[in-house]
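Taking it in order: structure first as structure tokens, then the write-up.
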Amino acid sequence: MSHTVDVAPAPSAAAPAFDLNALREDFPILCREVHGKPLVYFDNAATSQTPRQVIEMFNDYYSRYNANIHRGLHTLADEATAAFEGTRETVRAFLNAEDSRQIIFTRGTTEAINLVANSWGRTNLAPGDEVLISMLEHHSNIVPWQLLARELGFTIKVIPVDVDGALDMTAYRTLLNERTKLVAVNHVSNALGTINPVAEMATLAHEVGANILVDGAQATPHQTVDVQAIDADFYAFSGHKVYGPTGVGVLYGKRELLEVMPPWQGGGEMISTVSFEVDTTFAAIPHKFEAGTPAIAEVIALGRALEWVQGVGLGAIGDWEQTLLSYATQQVRKIDGLRILGTAPHKAGVLSFVVDGAHSQDIGLLIDQLGVAIRTGHHCAQPLLHHFGVDATCRASFAAYNTVEEIDTFVASLKRVINMVR
Ligand code: C6P
């Protein structure tokens, strides 16, 4: 069965609950031109743009209190440490975690998942065990498990999707059994936008004694996330998709799991004592998992990004993106030979499509000449695209600052480009 999203309101009547013009002024990059045309940035699922409040944090940090953290006794080190640890509390509140010690800073979602694989996975998985992932996964939530399975000999099973790109929950129930040790699924699919019922999936996983890791890279920019309500054992996200900087991300974990997990990377700051004579001992969580000097400025700026997002309101952002998605869906459906991939009833602001007789790569390159940035390719979700019988799609993905007028420009540009390549 195919689902359609709600009919969009007339563009003139569509307005977000926040002041869109004022919000756009927070983003200096939105004023630039690309190939002589005003930028229309619809590649937000790859990386969202950064508000000046976040950019200014870098200037502030490097101009006033650049110092290594947790190590020095001088004022600058104290200030940097306080700002860094303050962000841990900001992230805790953002995810509604119980305790800020459950927040581990990583380089991004990818590193967070690799941490779980190499620490929890290496100590808890053995031949005969099963790890359940889904057809919707990004390579970041496939390859770490494949690498580990080659070494440890456990089995990876895949939850299928239906024709709309929604997870097949009946199959999920059937696949779960006493051998399942971990369910690793994304909260929102980057390639199709499907929103997965992760709280229900967590309940079912826990019934068979399995843990659940949720890849939240595409959820945190669009909806409020409550790790306790989901009952996630692990939850990961990246700063650069939620209006923050690149090079920083977060792993949340349940305390009882994190406390017994061994360190993954060794180095400075993750130890308690180091000795050549007796065993080296490790710091308590979260520092046990934060070896070496972290991305201090990026972490602090991430905190500012999360405050910015919460200031606008994730509910309002999500609602506005739904308006944009509905309108864009309605408009592109009118294009002859265009097929949307991902029509699940619950979708975030991602519009993936292919066009008969037009290669996605060509569309991406040509539409860029008209100032419109979309992503083309396999979106690091090759198994999913192959399942749908394609190698690549075009993907437009929306953020708080996008407008109905930009969708009109995108659709007009798309029609021009299709006429050029067909
Ligand atoms: N998806 C996209 O264009 P990193 O690179 O670690 O910040 O995030 C990886 C990642 C993990 N899971 C999901 C669901 C993701 O969408 C991504 C990143 C980008 O769709 C880049 S491939």
Side-chain angles (χ1 to χ4, degrees), residues 41-50 91 104-118 133-146 159 161 165 167 183-196 198 201 212-223 225 232 234-252 264 294-295 298-299 301-302 305-306 321 341-342 344 346-353 360-361 364 368 373-385 391-399:
Y41 188 77
F42 281 174
D43 195 17
N44 295 289
T47 286
S48 54
Q49 295 302 341
T50 316
V91 177
I104 296 158
F105 291 115
T106 65
R107 285 193 300 124
T109 306
T110 304
E111 190 175 70
I113 296 171
N114 276 277
L115 192 165
V116 176
N118 283 286
I133 62 174
S134 89
M135 184 61 85
L136 291 169
E137 296 319 305
H138 185 279
H139 297 166
S140 292
N141 201 22
I142 301 174
V143 183
W145 305 112
Q146 290 179 328
I159 311 160
V161 291
L167 279 188
V183 175
V185 284
N186 59 37
H187 197 164
V188 173
S189 154
N190 68 316
L192 304 184
T194 309
I195 302 173
N196 291 318
V198 287
M201 295 180 81
I212 183 162
L213 176 151
V214 182
D215 167 356
Q218 297 292 346
T220 43
H222 311 295
Q223 63 182 85
V225 170
F234 299 106
Y235 196 97
F237 74 93
S238 297
H240 68 103
K241 295 187 198 289
V242 62
Y243 307 97
T246 54
V248 61
V250 168
L251 174 69
Y252 157 87
W264 171 35
E298 284 78 0
V299 165
L302 169 64
L306 299 183
E321 290 167 348
L341 276 80
H346 302 292
K347 265 188 73 171
V350 170
L351 187 61
S352 232
F353 57 90
S360 298
Q361 223 74 21
D368 174 64
I374 60 170
R375 186 168 171 192
T376 54
H378 55 60
H379 316 301
C380 301
Q382 277 185 335
L384 177 66
L385 264 63
D391 289 329
T393 74
C394 296
R395 183 189 70 183
S397 52
F398 309 118

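Counting starts at 1 for both ligands and their atoms, following the listed order. Predicted model only: the values in this text are computed from it and were never measured.
With contacts defined as side-chain heavy-atom distances shorter than 4.5 Å, the pair Thr246/Glu298 does not qualify. Residues Phe105 and Val250 form a side-chain contact, since some pair of their non-hydrogen atoms from C-beta on lies under 4.5 Å apart.
Among protein heavy atoms, the minimum distance from atom 5 (O) of ligand 1 is reached at Thr110 OG1, 3.7 Å. Of the protein's non-hydrogen atoms, Gln218 NE2, 2.7 Å is the one closest to atom 16 (O) of ligand 1. For atom 13 (C) of ligand 1, the closest non-hydrogen atom of the protein is Asp215 OD2, 3.4 Å.
Side chain of Thr110 to backbone of Ser140: no donor-acceptor contact under 3.5 angstrom is found. Ser134 contributes a side-chain N or O that, together with a main-chain N or O of Leu136, makes up a donor-acceptor pair within less than 3.5 Å. Judged by distance alone, with hydrogens and angles left aside, the side-chain atoms of Asn190 form a donor-acceptor pair with the main-chain N or O of His379 at under 3.5 Å.
A heavy-atom separation below 4.0 Å is not found between Glu137 and ligand 1. The shortest heavy-atom distance from His139 to ligand 1 is not under 4.0 Å.
Residue Asp43 forms a salt bridge (charged side-chain N to carboxylate O under 4.0 Å, His left out) with just one option from Arg395, Lys241, Arg375, and that option is Arg395.
Remark: ligand 1 atoms within the under-4.0 Å shell around heavy atoms of Cys380 are 22 (S). Near Ser238, the atoms of ligand 1 lying under 4.0 angstrom from a non-hydrogen atom of the residue are 4 (P), 6 (O), 7 (O), 8 (O). Which parts of ligand 1 touch Ala46 is read off a 4.0 Å heavy-atom cut-off, strictly below it: atoms 2 (C), 3 (O), 19 (C).
Classification of the His139-His378 ring pair by plane angle, with boundaries at 30° and 60°, yields tilted.
At a heavy-atom cutoff of 4.0 Å, ligand 1 is contacted by both the backbone and the side chain of Thr109. By the criterion of a heavy-atom distance under 4.0 Å, the backbone of Ala45, and not its side chain, is placed next to ligand 1.
When Lys241, Arg395, His138 are checked for heavy-atom proximity to atom 19 (C) of ligand 1, Lys241 turns out nearest. Ranked by closest heavy atom to atom 22 (S) of ligand 1, the top entry among Arg375, Arg107, His187 is Arg375.
For Tyr252 and Phe234, the ring centers sit 6.0 Å or farther from each other.
For ligand 1, the polar-atom distance check finds an N/O of Asn190 within less than 3.5 Å of one of the ligand's N/O atoms.
Atom NE2 of residue His222 and atom CG of residue Asn44 lie 8.0 Å apart, to the nearest 0.5 angstrom.
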